[in-house]
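Quick note: numbers below take in every heavy atom, side chains included, and nothing from hydrogens, waters or symmetry partners. Order of the sequence lines fixes the chain letters, A, B, ..., with proteins taken first and strands second; residue numbering starts at 1 for each chain.
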Protein chains: 2
Amino acid sequence: MVTVRRPQRADARRNFDALLAAARDAFAENGTDASLEDIARRAGVGIGTLYRNFPTRRDLFEAVYVEEVDQLSAAATAVASLPPWDALTAWLHRFVAYAVTKRAIIEALNRESEMFATCRRTMYDAGEPLLERAQKAGAVRTDVSFDDLLRLVSGLTSAAFVDDAQRDRVIALALDGLRA
Amino acid sequence: MVTVRRPQRADARRNFDALLAAARDAFAENGTDASLEDIARRAGVGIGTLYRNFPTRRDLFEAVYVEEVDQLSAAATAVASLPPWDALTAWLHRFVAYAVTKRAIIEALNRESEMFATCRRTMYDAGEPLLERAQKAGAVRTDVSFDDLLRLVSGLTSAAFVDDAQRDRVIALALDGLRA
DNA sequence: TGCGAAACGGAGGCCCCCCTCCACTAATCT
DNA sequence: AGATTAGTGGAGGGGGGCCTCCGTTTCGCA
């Protein structure tokens with residue numbers, strides 16, 4: 001897992017965190033190619049400071065991305081105690097609610113890079129057991145791979161919906177196709 | 001239906017068509033905010049010529065968009081003779097195959113504008129009867145609206161897939177949730 | 001409190017895009 | 001063939017993003 005070292009000095013650490021937060025917002029709003037100068041502005045920091053902490057746009061993006069993935073994988077253990085079908089769908093709903101504001105995760109779903117590969121693995125390690133459990137319990141058809149499933153759901157994150165109710169309705173609809 | 005008048009003179013008409021084709025490609029590749037100068041370059045035409053034919057980026061986009069929607073709606077009559085379920089899914093597959101290279105259609109799915117509203121209506125008029133027929137025939141559950149369906153499917157167009165086989169598999173999966 | 005090192009931030013060079021304007025080119029008409 | 005005029009295309013000004021560089025500020029240790 002790639003980790004970026006937080007700076008030592010207090011002021012530097014403050015700026016580092018502000019940048020990370022600003023970047024998260026900016027990437028969510030405008031996708032991977034949000035303006036770096038805008039991110040620095042949002043963080044109340046000079047552009048030079050951004051570049052010192054994150055020499056390339058990629059460095060910044062990865063720092064945000066790793067954090068997101070970690071949270072997503074933590075969510076998997078949180079639902080582990082539910083019944084198989086419920087655990088799976090709860091996690092998938094979480095995935096959607098989560099990724100819908102952070103579409104960079106989706107954009108990156110099949111981008112080439114060691115770092116992405118690692119993160120993808122992390123996500124799969126978290127979610128795949130949920131699917132397998134549901135399949136063993138006979139709740140989900142067995143001709144579906146976790147990759148299929150994730151792509152199905154991730155597609156829905158980028159669709160536009162009239163309101164949250166419609167979004168949930170459509171996701172439920174899609175998941176009904178999974179049932180054994 | 002908004003229509004752009006093609007120019008009278010032969011050379012002008014050639015340029016007009018080249019611009020439209022170049023724009024279609026560029027929008028497909030880079031989304032709605034493709035570079036206009038790049039479009040002019042692709043068309044082998046000066047930037048001034050682009051602006052004379054299409055004073056705003058929106059004019060250009062609409063010209064492309066209208067054409068796409070027309071083709072999509074024509075596809076609906078082409079499948080009308082199939083059995084209800086097959087007709088519906090055939091059209092939806094067509095929708096995906098189509099929109100996947102032209103994601104601007106999706107981006108525009110709920111953009112505000114009289115012109116978009118008209119085109120949306122055209123698309124709905126084409127596809128909605130297919131759903132209703134399938135529902136009346138008992139092939140599709142009745143608690144699904146055409147809007148739900150279109151958004152479900154349109155989400156899948158923007159998902160990334162390993163290959164076409166996976167895409168078709170995932171779409172079929174999603175559509176299985178529709179069955180009555 | 002004083003000092004060295006760490007961190008800051010924005011000016012500036014570069015590049016690409018947007019859009020306008022107008023001297024030039026060539027299609028069409030007679 | 002020559003005149004008329006629609007049509008061309010690219011230069012250029014403005015704006016904004018990228019990234020580097022370095023004079024200035026601030027931290028935190030002693």
Side-chain angles (χ1 to χ4, degrees), chain A residues 3-65 103-104 107-108 111 113 115, chain B residues 3-65 103-104 107-108 111 113 115:
Chain A
T3 8
V4 186
R5 261 225 311 293
R6 291 177 80 223
Q8 302 304 310
R9 250 172 63 171
D11 56 342
R13 213 154 40 224
R14 241 186 340 263
N15 286 336
F16 180 91
D17 292 340
L19 277 168
L20 221 46
R24 189 184 3 262
D25 295 350
F27 285 144
E29 276 172 41
N30 309 320
T32 319
D33 43 352
S35 152
L36 296 184
E37 291 193 319
D38 179 51
I39 290 176
R41 266 193 302 273
R42 287 180 195 228
V45 145
I47 184 68
T49 299
L50 184 152
Y51 274 95
R52 198 165 339 88
N53 282 291
F54 307 100
T56 72
R57 142 178 262 113
R58 182 182 204 84
D59 290 322
L60 178 55
F61 175 66
E62 291 190 354
V64 171
Y65 183 73
R103 77 179 104 131
E107 277 176 37
R111 185 121 47 191
S113 126
M115 177 266 168
Chain B
T3 9
V4 187
R5 260 226 312 292
R6 291 177 81 223
Q8 301 305 309
R9 248 172 61 171
D11 57 341
R13 214 156 38 224
R14 243 188 336 265
N15 287 336
F16 180 92
D17 293 340
L19 278 169
L20 221 47
R24 190 186 1 262
D25 294 350
F27 285 146
E29 275 171 41
N30 309 319
T32 319
D33 43 353
S35 152
L36 296 184
E37 290 191 322
D38 179 51
I39 290 175
R41 263 192 305 274
R42 287 181 195 229
V45 145
I47 183 67
T49 299
L50 184 152
Y51 274 94
R52 194 164 345 86
N53 282 292
F54 308 100
T56 72
R57 143 176 259 111
R58 181 181 205 82
D59 291 322
L60 178 54
F61 176 66
E62 291 190 355
V64 171
Y65 184 73
R103 77 180 104 133
E107 277 175 37
R111 185 120 47 193
S113 129
M115 178 264 169

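Counting only residues at least two apart or on different chains, the salt bridge (charged side-chain N to carboxylate O under 4.0 Å, His left out) pairs with a member in residues 42-55 of chain B are B/E29-B/R42, B/D38-B/R42.
Atom OH of A/Y51 is separated from atom C1' of C/dA7 by 18 Å (rounded to the nearest Å). Here the P atom of nucleotide C/dG10 and the CZ atom of A/R52 are 12 Å apart, to the nearest Å. Distance A/D17 CG to C/dC8 C1': 16 Å, rounded to the nearest Å. Atoms CG (B/N53) and P (C/dC19) sit 15 Å apart, rounded to a whole Å. Atoms CG (B/N30) and P (C/dC17) sit 10 Å apart, rounded to a whole Å.
B/S35 comes within 4.0 angstrom of the backbone, heavy atoms only, and of no base. At a threshold of 4.0 angstrom between heavy atoms, the contacts of B/R57 are confined to the sugar-phosphate backbone, with no base atom among them.
When all heavy atoms are compared, the tightest approach of B/P7 to B/N53 is CG-OD1, 3.7 Å. Taking every heavy atom of both residues into account, A/V45 and A/L50 meet most closely at CG1-N, 4.2 Å. Taking all atoms of both residues into account, the shortest heavy-atom contact from B/A26 to B/A34 is O-CB, 3.8 Å. For the residue pair A/R13 and A/Q8, the shortest heavy atom distance occurs at NH1-O, 2.6 Å.
Non-hydrogen atoms lying under 4.0 Å from DNA chain D are contributed by B/V45, B/G46, B/I47, all within residues 38-47 of chain B.
The phosphate of C/dA7 has neither OP1 nor OP2 within less than 4.0 Å of any side-chain N or O from A/T49. Within the structure, a side-chain polar atom (N or O) of A/N15 is placed less than 4.0 Å from OP1 or OP2 of C/dC8.
The salt bridge (Lys or Arg N to Asp or Glu O under 4.0 Å) test applied to B/R57 returns no partner, not counting sequence neighbours. A/R9 meets the salt bridge (Lys or Arg N to Asp or Glu O under 4.0 Å) test with A/D11; sequence neighbours excluded. Every side-chain contact (heavy atoms from CB on, under 4.5 Å) that A/A23 has, sequence neighbours left out, goes to A/F27, A/I39, A/L60, A/V64.
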Polar-atom pairs under 3.5 Å, protein N or O versus N or O of nucleotides 26-30 of chain C: list them with distances, or write none.
residue: C/dA27; atom: O4'; partner: B/R9; partner atom: NE; Å: 3.4
residue: C/dA27; atom: O4'; partner: B/R9; partner atom: NH2; Å: 3.4
residue: C/dT28; atom: OP1; partner: B/A10; partner atom: N; Å: 3.0

Taking only N/O atoms, report every protein-nucleotides 1-3 of chain C pair under 3.5 Å with atom names and distance.
none

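Rounding to the nearest 0.5 Å gives a distance of 10.5 Å between OG1 of A/T32 and OH of A/Y65. Annotation: the span from B/L36 atom CG to B/F54 atom CZ amounts to 11.0 Å, rounded to 0.5 Å.
First and last contacting nucleotides of DNA chain D toward chain A (any atom under 4.0 angstrom from a heavy atom, 5' to 3' order): D/dG17 to D/dG28.
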